[in-house]
2 protein chains.
Amino acid sequence: MNERRPTIHDVAARAGVSKSLVSLAMRGSPKVSDASRAAIEKAAAELGYRPNATARSLADSRSRTIGVNMAELDNPIFPEMLGGAHTVIRSRNYNTMLVSGERDPELETMELAKLLEFQVEGLILISHRLPAETVRSLADEVPIVVLTLKDLTGPGIDSVVTDDEAGTRMAMQHLFHLGHRDIAHVSGGSLEPAVVRERLYRSEMQAAGLGSMTRVIEGDLTNLGGLEAARTLLQEGKPPTAIFASNDISALGVMAACQEFGLSIPSDISIIGYDGIALGALRTLSLTTVAQPLGLMGQVAAQRLFDRMAGTQIDDRSIVLEPELLTRGTTAPPRV
Amino acid sequence: MNERRPTIHDVAARAGVSKSLVSLAMRGSPKVSDASRAAIEKAAAELGYRPNATARSLADSRSRTIGVNMAELDNPIFPEMLGGAHTVIRSRNYNTMLVSGERDPELETMELAKLLEFQVEGLILISHRLPAETVRSLADEVPIVVLTLKDLTGPGIDSVVTDDEAGTRMAMQHLFHLGHRDIAHVSGGSLEPAVVRERLYRSEMQAAGLGSMTRVIEGDLTNLGGLEAARTLLQEGKPPTAIFASNDISALGVMAACQEFGLSIPSDISIIGYDGIALGALRTLSLTTVAQPLGLMGQVAAQRLFDRMAGTQIDDRSIVLEPELLTRGTTAPPRV
DNA sequence: ATGAAAGCGCTAACAG
DNA sequence: CTGTTAGCGCTTTCAT
């Protein structure tokens, strides 16, 4: 398994032509005679020739590779967005180089640097927490598209996000329409997406004349965080009739806590999440939620990246997609 | 953002030394005088120099890259295994190049070819369905480690699997001990991991003198497949007291079907899955299952790959890890 | 239509 | 310690 791989040179020798011609033939150039082409193809096949993409990258200084950073694997929204991006990257005949800094900003920074050393032509960043300094400093070397973080948008950095204000309004309006007034919020702490959702929760409550019923328990966008936040809330005394969780996986934690306290969903208490993870559609869970078009976000991010790489003139650096309310089984009118 | 990046040559010129010395310095060689090193580092910093990994790969013919193929993003076991592999790949200072053939064997084959063109030094394949021919033919070019598919093991191909026979026995014994006798199986069709589980289900039933109660409904290891299989089963008439599903996501589908039929879990019917996806631990689901050490499998796969790459002499090509029964909330004694 | 030659940016002997 | 000389495998002028 270690006899030096055949190179373009070997193919040329065997086919009795020059390296250049083989190079042209391999890339399907029309200016290669049928005879030569046949000879070359034959030689290549016999040798089991496989072009060396590394050498090619170096020679024409194009890596045909996109770097993708995905921080956390435990929230399914990231793989879902990755899937979307991956699809378009592949359809453009590019490759995906994936790295992950595992929530450690320093490691993250190093990994991003490695991506650049590999000459990636663009970067797609999929994470709720990113070392802002690093990202900004990279932006003048390659185009970057960030998912879910609008605040990072700036020179050289595009972002693809969902209109969280509209989404949160949908969630709240849905609950209001069902008749809920005593609505609590399990937040996501200080992470960007969570902050907007919390702000809108508060303003919607206010606008509905329910300012005094506002209750926010801090979570952290994880399942366990949701579980604990809800426990805290339910221990306090009279439970709200509905809980809006900052994202789906924390909403699932909230559901678990409710069950622990003997509350049945949705008859005793309604739960609504945010994100629209595929999982939530499982009949077993049937989580009502505000869905972000996750796969589409990934696709759009990749498309925008290719546009930037092509130098297309685009002014707007932020792409905002619309969320959609998915009414499923965890919300119902409050018990009267 | 397009002024040609500085190269080692630029750094050398600026520091007043030769390229080679810069090369040595960049890689932290001890045989560089402090003076030179300082000058070089200063020049590099001022220039914003970033080594070109592509050129390096070509020069020393080592890509420091592992190719990973992950077919499906919709079953969380794959990302979980990826996470494990990724961790050790990174710890060895290697990069991960990820591709996905999206269940299309032809595409899959092309993607794998691209990986080799990028000179990956090894391949980790994470999928339940792989084009066997292709994989075998690649095996004499780079070491390969396959996850979850023991049948592919062979020359140049190692595999990391869980002892599914033992795992299935655990599942069945658990149900037997609880007192179940009328146990049905929602299978996973003809995919390798599913076949073993079905076979063992049958033999365990037989061994327990329950051969006549054996009932297998064909699923396909997807959530929907599990849902539909269970519906079919429940429509037939008297439901079994327990169902063993071939994997977790189909087990979740089975749970949903049971709920549709008004059966409550686990008092009316017990459900046990297989895989141990993180999700199953959510209190909301609390799925009893036979857990495979998913993350560990990924880690072990990567470690084995590095061993092969290093030429370490190892005879056994198949690593079999032990499964573990996770008794959670979906199983209980049958109603008397 | 085809070949020769000059790199792409870096590493790797081999001399000093 | 440091510089020189060759490549790595491929693309790309520029001739022919």
Side-chain angles (χ1 to χ4, degrees), chain A residues 2-41 43-44 47-65 114 116-121 141, chain B residues 2-41 43-44 47-65 93 95 114 116-121 141:
Chain A
N2 256 331
E3 327 77 33
R4 189 180 119 304
R5 295 197 183 152
T7 74
I8 198 174
H9 180 256
D10 301 319
V11 177
R14 178 163 195 130
V17 298
S18 74
K19 281 171 32 179
S20 332
L21 201 54
V22 176
S23 176
L24 287 178
M26 292 312 296
R27 282 171 295 146
S29 160
K31 39 186 181 181
V32 176
S33 69
D34 291 346
S36 303
R37 163 161 292 120
I40 292 171
E41 277 170 3
L47 257 29
Y49 171 69
R50 201 188 283 291
N52 182 325
T54 304
R56 165 133 69 122
S57 296
L58 185 59
D60 70 357
S61 34
R62 292 193 45 206
S63 65
R64 284 156 242 271
T65 298
K114 262 170 72 178
L116 287 207
E117 293 183 8
F118 269 93
Q119 313 301 110
V120 297
E121 296 175 36
E141 300 196 48
Chain B
N2 256 327
E3 328 77 31
R4 190 179 120 301
R5 296 198 184 152
T7 73
I8 198 175
H9 179 255
D10 302 320
V11 177
R14 179 162 195 132
V17 299
S18 73
K19 279 170 35 176
S20 335
L21 202 52
V22 177
S23 176
L24 287 177
M26 292 312 296
R27 282 172 294 147
S29 159
K31 38 189 181 178
V32 175
S33 69
D34 290 346
S36 303
R37 164 161 288 118
I40 290 171
E41 277 170 3
L47 257 29
Y49 171 70
R50 200 187 285 289
N52 182 326
T54 303
R56 164 134 66 127
S57 297
L58 186 59
D60 69 357
S61 34
R62 291 194 46 205
S63 64
R64 287 154 237 271
T65 297
N93 247 291
N95 283 74
K114 263 168 75 177
L116 286 209
E117 292 182 10
F118 269 94
Q119 313 302 109
V120 296
E121 295 175 36
E141 299 196 49

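Worth knowing before you read on, the calculation uses all heavy atoms, side chains too, and leaves out hydrogens, waters and symmetry mates. Residue numbering restarts at 1 for every chain, and letters A, B, ... go by the order of the sequence lines.
- Nucleotide C/dA6 holds its C1' atom 16 Å from the CG atom of A/Asp60, rounded to whole Å.
- Side-chain atoms of A/Ser36 and base atoms of C/dA1 include no donor and acceptor less than 3.5 Å apart.
- As judged by a 4.0 angstrom heavy-atom cut-off over every strand, B/Val17 is placed among residues touching the sugar-phosphate backbone only.
- Looking at the side chain of A/Leu21, the nearest of the listed nucleotides D/dC10, C/dC8, C/dG3 is C/dG3.
- The CZ-C1' distance, from A/Arg37 to C/dA1, rounds to 11 Å in whole Å.
- Shown here for A/Pro6 and A/Gly48, the closest heavy-atom pair between the two residues is CG-O, 3.8 Å.
- A pairwise comparison of heavy atoms in A/Arg5 and B/Glu141 identifies NH2-O, 3.6 Å as the closest pair.
- The shortest heavy-atom contact between A/Val32 and A/Leu21 is CG2-CD1, 4.1 Å.
- Following rounding to the nearest Å, A/Arg27 (CZ) and D/dC10 (C1') show an atom-to-atom distance of 8 Å.
- For the OP1/OP2 pair of D/dG9 and a distance below 4.0 Å, the side-chain nitrogens and oxygens of A/Arg56 include no atom meeting the criterion.
- In this structure, OH of A/Tyr49 is placed 7 Å from C1' of D/dG9, rounded to the nearest angstrom.
- Rounded to whole Å, atom P of C/dG7 lies 19 Å from atom CD1 of A/Ile8.
- Residue B/Thr54 is classed as having no contact, given no heavy-atom separation below 4.0 Å to the nucleic acid.
- Closest to the B/Leu24 side chain, of the nucleotides D/dT2, D/dG9, D/dT11, is D/dT2.
- Remark: C1' of D/dC10 and CZ of A/Arg5 are 15 Å apart, rounded to the nearest angstrom.
- Within the 4.0 Å cut-off from OP1 or OP2 of C/dA12, not a single side-chain nitrogen or oxygen of B/Arg62 is found.
- When distances run from any side-chain atom of B/Ser20 to the nucleotides D/dT4, C/dG9, D/dC10, the shortest one goes to D/dT4.
- Between A/Ser23 and B/Ser18, the residue anchored closer to the 5' end of DNA chain D is B/Ser18, taking for each the nucleotide with the nearest heavy atom.
- Rounded to an integer number of Å, the gap from CG of A/Asn52 to P of C/dG9 is 17 Å.
- Closest approach to the B/Ala59 side chain among C/dC8, C/dA12, D/dC8 is made by D/dC8 (side chain taken as heavy atoms from C-beta onward).
- Nearest-nucleotide mapping onto DNA chain C: of A/Ser33 and A/Lys19, the residue sitting toward the 5' end is A/Ser33.
- When atom types are taken as modelled, the side chain of A/Glu121 and the backbone of A/Ser63 share a donor-acceptor pair closer than 3.5 angstrom.
- Of the candidates D/dC10, C/dG9, C/dC10, the closest approach to any side-chain atom of B/Leu58 belongs to C/dG9.
- Using a 4.5 Å heavy-atom cutoff, the side chains of B/Thr65 and B/Gln119 are not in contact.
- Going from atom CE of B/Met26 over to atom C1' of C/dG9 covers 13 Å, rounded to whole Å.
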